[in-house]
Asker: 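One structure, pasted below without further comment.
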Amino acid sequence: MPNESSSPSHEDLNEILRLRREKLDKLRALGVNPYPYRFEKDTHIPDLLRDFDSKIENAEHVGPVFSIAGRIHTVRIMGKAGFCHVRDEFGEMQIYVQRDRVGEQAYEIFRHLLDIGDIIGVRGTVFRTKTGEPTLRAQSFELLSKSLHPLPVVKECEGQVFDAFTDKEARYRQRYLDLAVNPSVREIFRVRARIISAMREFLDGRGFLEVETPALQPLYGGALAKPFTTHYNVLDRDFFLRIADELYLKRLLVGGLERVYEISKDFRNEGMDKFHNPEFTMLEFYQAYADYRDLMDLSEELFRFVARAALGTTEVTYQGRTIDFAKPFRRVTFFDLLKQATGTDLVGASARELAEVALKHDVPITREMGEGKILDEMMKTLVRPGLLEPTIICDYPLSLSPLAKKHRDDPRLVERFQPFAFGLELGNAFSELNDPLDQRERFEAQRKLKEAGDEETQPLDEDFLRALETGMPPTAGMGIGVDRLAMLLTDQTSIREVILFPQLRS
RNA sequence: GCACCCAUAGCUCAACUGGUAGAGCAACUGACUCUUAAUCAGUAGGUUUAGGGUUCGAGUCCCUGUGGGUGCACCA
């Protein structure tokens, strides 16, 4: 055991970590601050690489001087000179460090005290190596942050990647490593950011007002889901994290705001899998004096706008299949789809009749299922797998939607629609129920379901009913799952790939 | 929640029907002033996820826990 460590804690570390600490001490002994305050960085790497040949130094290595900063990802040292690659947020570039140019002490630091993973700033002129790679010839460099942990080293040759950092648990728990080492991950979150800003741009441009409503609510509502419960000590009472924004946004409609939207984190106390994270991002928007048909048009435009903003095209490829959001969505009613699948018109059918048809088509159902659940199950097994092309399903059965307005032509239905693409559900919209008496009856029906043992029901919200009784204009509203849209537009099959820090067991 | 699969060096992976843990990269020492999966010579690095059991002997078989993945169920 070598005994060179200058502080006792070094002995507790494994060899790799201990050596890094020792390098830190040596740097300090040389008068180098391993964590300085700032660096005058004048360009991002891709900007430097653009029009590169116009910036190249002359034969005497004289030319314009550039400074870049980023993390060291590779090092190749050959005696009195060496190469490394430095990566900033947007790109990567090779650096050439020569002893005779940066000086003996700096070169020794480069050679012995810098590591893959360190963040450095480099000043120099640019040239192409004999193989043509754009390279920065260092005049000087500065250590900007010493890394005390080894960075996973991913190598690449002719497009082939070696030793990729792929362990999902490590990638999610240490997302900073994932982002540092896997450039495609950065791109996913850039696309996600563009999706969200495109939503804002789209809605702002159409007169919608962005608002913020409580995440901490005395009563939850707006969706059928189990909430997270917490306790507010000052009031000594329980509160819920919102499962949806709906009931608050509708109160704003009552207040006379005609177009509102909110992009919010919602929380649902349910399982997590490739489509569900306990906290997720939702866009909800509401437009007064409009009905669900208006929103069908608007939402198609929104998807088109968002896809173009996020990807630069309306053509979206997901898991090897391509669709074009520029084409109008197919529009079809819930019961027409079921009729196509089963040959039977099921509008108004009883649970018993539905069960019979379901069994005939091998839909897995149980005795306890009411008509709503059976219908839902039939959709899921018989219809949804075939919905690859963008499709709007509309006119849902009343029993599934306690906050939607009854269909103007058929009281057994509600004016509700959901857009689908690649079999993925992209949203949920309806002509909002604004009849306070009907709404009260729906709440009562929900209460009966709860008494019968249903855990996911909409609790009666007296305060919300009072708002509705004050009068809400005819309104259409929509919710869009932002994470799922991000999955679709980034071609990911797991929600964890589009959430920076997905929930994991601790 | 249930079922199945997985967990070995910092990273990516080996280790046959149980026989005493190995490689590449990273690291360390040295050589090399246009390398680029740099190369060459050498060195070091492990409580095999945790705990228990079977066995002369366990990375390997059994049980339990933890974490991850996949599928089912519920939901967006």
Side-chain angles (χ1 to χ4, degrees), chain A residues 1-2 13-20 22-23 73-85 92-102 107 111-112 115-117 127-133 135 137 147-174 177 181-182 222-226 243-244 266-284 364 366 373 376-377 380 418 420 424-428 454-456 479-485 487 493-496 502 504-506:
Chain A
M1 245 281 176
L13 304 170
N14 81 22
E15 191 196 7
I16 293 174
L17 302 187
R18 188 179 41 95
L19 282 163
R20 293 262 175 133
E22 286 171 12
K23 288 182 181 180
H73 279 264
T74 67
V75 177
R76 294 170 297 284
I77 286 173
M78 317 152 307
K80 298 177 186 67
F83 291 91
C84 63
H85 275 99
E92 188 175 76
M93 176 173 202
Q94 181 167 258
I95 312 291
Y96 186 38
V97 181
Q98 297 158 286
R99 189 192 65 177
D100 295 345
R101 197 160 185 85
V102 299
Y107 190 72
R111 207 184 152 146
H112 290 291
D115 288 291
I116 289 173
F127 70 108
R128 282 186 189 274
T129 62
K130 66 183 182 190
T131 56
E133 176 159 354
T135 301
R137 186 190 308 275
S147 171
L148 299 178
H149 282 285
L151 196 68
V153 176
V154 180
K155 301 224 171 185
E156 211 185 310
C157 181
E158 287 165 8
Q160 216 181 333
V161 176
F162 299 85
D163 297 340
F165 179 59
T166 52
D167 182 83
K168 288 192 179 189
E169 183 173 3
R171 287 182 47 229
Y172 299 149
R173 286 193 197 278
Q174 294 174 270
L177 289 182
V181 147
N182 296 324
L224 304 178
K226 279 176 246 166
I243 58 174
D266 291 353
F267 305 84
R268 298 193 185 172
N269 204 338
E270 287 163 354
M272 40 185 176
D273 59 35
K274 61 201 301 189
F275 293 108
H276 301 89
N277 196 62
E279 65 181 287
F280 62 101
T281 304
M282 176 96 109
L283 164 67
E284 288 194 38
T366 61
K373 291 255 182 220
D376 205 35
E377 197 58 44
K380 219 178 285 176
Q418 293 192 284
F420 289 84
L424 283 174
E425 184 184 321
L426 298 181
N428 188 21
D454 193 335
E455 287 185 77
E456 292 174 0
I480 292 176
V482 173
D483 311 279
R484 294 206 180 156
L485 188 57
M487 285 169 69
T493 57
S494 170
I495 198 168
R496 291 182 164 180
L504 299 173
R505 291 170 204 277
S506 39

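Computed over heavy atoms, backbone and side chain alike; hydrogens, waters and symmetry mates excluded. Here is how names work: the chains are called A, B, and so on, in the same order as the sequence lines, proteins then strands, and each is numbered from 1.
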Asker: Using whole Å, report how far CD of A:Q160 lies from P of B:U12.
Answerer: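 Result: 17 Å.
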Asker: In this structure, how many angstroms lie between the P atom of B:G10 and the CG atom of A:L148, rounded?
Answerer: 16 Å
Asker: Given 3.5 Å as the limit, does a donor-acceptor pair link the side chain of A:N182 with the main chain of A:F165, or not?
Answerer: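 Present.
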Asker: Which atom pairs link the protein and nucleotides 24-30 of chain B when you take only N or O atoms and keep those under 3.5 Å?
Answerer:
| from | atom 1 | to | atom 2 | distance (Å) |
| --- | --- | --- | --- | --- |
| B:G24 | N2 | A:D163 | OD2 | 3.1 |
| B:C25 | O3' | A:K155 | NZ | 3.1 |
| B:A26 | OP1 | A:K155 | NZ | 3.1 |
| B:C28 | OP1 | A:K23 | NZ | 2.3 |

Asker: Between A:R76 and A:T166, which residue's closest nucleotide on RNA chain B lies nearer the 5′ terminus?
Answerer: A:T166
Asker: Between A:A164 and A:T74, who's closer to the 5' end of RNA chain B by nearest nucleotide?
Answerer: A:A164
Asker: In whole Å, measure the gap between the C1' atoms of B:C61 and B:C25 for me.
Answerer: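 Result for the C1' pair: 33 Å, nearest Å.
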Asker: Rounded to whole angstrom units, what separation is found between the CZ atom of A:F165 and the P atom of B:A37?
Answerer: 23 Å
Asker: Is the backbone of A:A81 close enough, under 3.5 Å, to the side chain of A:Y107 for a donor and an acceptor to pair up by distance?
Answerer: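 Yes, A:Y107 side chain to A:A81 backbone: donor-acceptor pair under 3.5 Å.
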Asker: From CE of A:M93 over to P of B:U35, roughly how many Å is that when rounded to an integer?
Answerer: 17 Å
Asker: May I ask which nucleotide in the shown strands pairs with B:C34, Watson-Crick or G-U wobble, both distances under 3.5 Å?
Answerer: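 With both distances under 3.5 Å required, B:C34 matches none.
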Asker: Say you pick atom P in B:A41 and the same atom in B:A23; how far apart are they, in whole Å?
Answerer: 15 Å
Asker: Which pairs, protein N/O on one side and nucleotides 64-73 of chain B N/O on the other, fall under 3.5 Å?
Answerer:
| from | atom 1 | to | atom 2 | distance (Å) |
| --- | --- | --- | --- | --- |
| B:G67 | O3' | A:R173 | NH2 | 2.8 |
| B:G67 | O2' | A:E169 | OE1 | 2.8 |
| B:G67 | O2' | A:E169 | OE2 | 2.1 |
| B:G68 | OP1 | A:R505 | N | 2.7 |
| B:G68 | OP2 | A:R505 | NE | 3.3 |
| B:G68 | O4' | A:E169 | OE1 | 3.2 |
| B:G69 | OP1 | A:R496 | NH1 | 2.5 |
| B:G69 | OP2 | A:R496 | NH1 | 3.0 |
| B:G71 | OP1 | A:K274 | NZ | 3.4 |
| B:A73 | N6 | A:D273 | OD2 | 3.3 |

Asker: Work out how far the C1' atom of B:U70 is from that of B:A27, and round it to whole angstrom.
Answerer: 36 Å
Asker: Are a donor atom and an acceptor atom from the side chains of A:E133 and A:H85 found within less than 3.5 Å of each other?
Answerer: yes
Asker: Expressed in whole Å, how much space separates the C1' atoms belonging to B:U48 and B:A21?
Answerer: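 So the two C1' atoms sit 8 Å from each other.
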Asker: Using a heavy-atom cut-off of under 4.0 Å over every strand shown, decide if A:G481 touches base, sugar-phosphate, or nothing.
Answerer: nothing
Asker: Once you round it to whole Å, what is the distance between P of B:U12 and CG of A:N182?
Answerer: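 Taking atom P of B:U12 as the reference, CG of A:N182 is at 10 Å.
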Asker: So, using side chain to side chain contact (heavy atoms under 4.5 Å, CB included) as the criterion, who are the partners of A:D115 when residues are at least two apart?
Answerer: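 Here the qualifying residues are A:R20, A:K23, A:D118, A:K146.
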Asker: Any pair with a residue in residues 155-170 of chain A that passes salt bridge (Lys or Arg N to Asp or Glu O under 4.0 Å), sequence neighbours left out, goes on the list, sorted by first then second residue, please.
Answerer: A:E169-A:R173
Asker: Suppose we define a pair by two distances each less than 3.5 Å, Watson-Crick or G-U wobble; what does B:C2 pair with here?
Answerer: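 Matched B:C2 with B:G71 under the 3.5 Å cut-off.
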Asker: Output all residues satisfying salt bridge (Lys or Arg N to Asp or Glu O under 4.0 Å) with A:R496, sequence neighbours left out; order by chain, then residue number.
Answerer: none
Asker: Looking across every strand, which nucleic acid part, if any, lies under 4.0 Å from A:N269 by heavy atom: base, sugar-phosphate, or nothing?
Answerer: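 The residue A:N269 makes no contact with any strand.
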Asker: Measure NE2/A:H73 against P/B:A37 and give the value in whole Å, please.
Answerer: 17 Å
Asker: Quantified in whole Å, what is the P atom distance between nucleotide B:C62 and nucleotide B:G18?
Answerer: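 Nearest-Å result for B:C62 against B:G18 at atom P: 11 Å.
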Asker: A:R171 has an atom CZ; how far is it from atom C1' of B:U12, in whole Å?
Answerer: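 The distance from CZ of A:R171 to C1' of B:U12 comes to 14 Å, rounded to the nearest Å.
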Asker: For A:A170, answer base if it contacts any base atom (sugar-phosphate contacts may also be present), sugar-phosphate if it contacts only those atoms, and nothing otherwise; contact means non-hydrogen atoms under 4.0 Å.
Answerer: nothing
Asker: At 4.0 Å (heavy atoms only), tell me whether A:H149 reaches a base, stays on the sugar-phosphate, or touches nothing.
Answerer: nothing
Asker: Output all residues satisfying side chain to side chain contact (heavy atoms under 4.5 Å, CB included) with A:R128, sequence neighbours left out; order by chain, then residue number.
Answerer: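 Result, side chain to side chain contact (heavy atoms under 4.5 Å, CB included) vs A:R128: A:F52, A:D53, A:I56, A:P134.
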Asker: Expressed in whole Å, how much space separates the C1' atoms belonging to B:U39 and B:G24?
Answerer: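 Result for the C1' pair: 15 Å, nearest Å.
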Asker: Can you list the residues that meet the side chain to side chain contact (heavy atoms under 4.5 Å, CB included) rule with A:T281, with sequence neighbours excluded?
Answerer: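 Counting only residues at least two positions away or on another chain, A:T281 forms a side chain to side chain contact (heavy atoms under 4.5 Å, CB included) with A:R192, A:I263, A:K265, A:V482, A:D483.
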Asker: Think A:K130 has a side-chain N or O under 4.0 angstrom from the OP1 or OP2 of B:U35?
Answerer: yes
Asker: Go through the structure and list residues passing side chain to side chain contact (heavy atoms under 4.5 Å, CB included) with A:L19, not counting sequence neighbours.
Answerer: A:E15, A:E22
Asker: Between atom CE in A:M78 and atom P in B:C34, what is the gap in whole Å?
Answerer: 5 Å
Asker: When you measure from the side chain of A:R111 to the backbone N and O of A:G79, does any donor-acceptor pair fall under 3.5 Å?
Answerer: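 Side chain of A:R111 to backbone of A:G79, a donor-acceptor pair under 3.5 Å: yes, one is there.
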Asker: May I have the list of side-chain donor-acceptor pairs in residues 268-275 of chain A shorter than 3.5 Å, sequence neighbours left out?
Answerer:
| from | atom 1 | to | atom 2 | distance (Å) |
| --- | --- | --- | --- | --- |
| A:R268 | NE | A:I243 | O | 3.0 |
| A:R268 | NH2 | A:I243 | O | 2.8 |
| A:N269 | ND2 | A:P227 | O | 3.2 |
| A:E270 | OE2 | A:K226 | N | 3.2 |
| A:D273 | OD1 | A:F275 | N | 2.7 |
| A:D273 | OD1 | A:H276 | N | 3.1 |
| A:D273 | OD1 | A:H276 | ND1 | 2.8 |
| A:D273 | OD2 | A:H276 | ND1 | 3.3 |

Asker: Looking at A:E133 and B:U35, is any side-chain donor or acceptor paired with a base atom of the opposite kind under 3.5 Å?
Answerer: no
Asker: When you compare B:A9 with B:A50, how far apart are their P atoms, in angstrom units rounded to a whole number?
Answerer: 10 Å
Asker: Looking at every strand, decide which applies to A:Q98 at a 4.0 Å heavy-atom threshold: base, sugar-phosphate, or nothing.
Answerer: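 Base: the residue A:Q98, judged by heavy atoms under 4.0 Å, touches a nucleobase.
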Asker: Say you pick atom C1' in B:A26 and the same atom in B:U12; how far apart are they, in whole Å?
Answerer: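 Here B:A26 and B:U12 have their C1' atoms 11 Å from each other.
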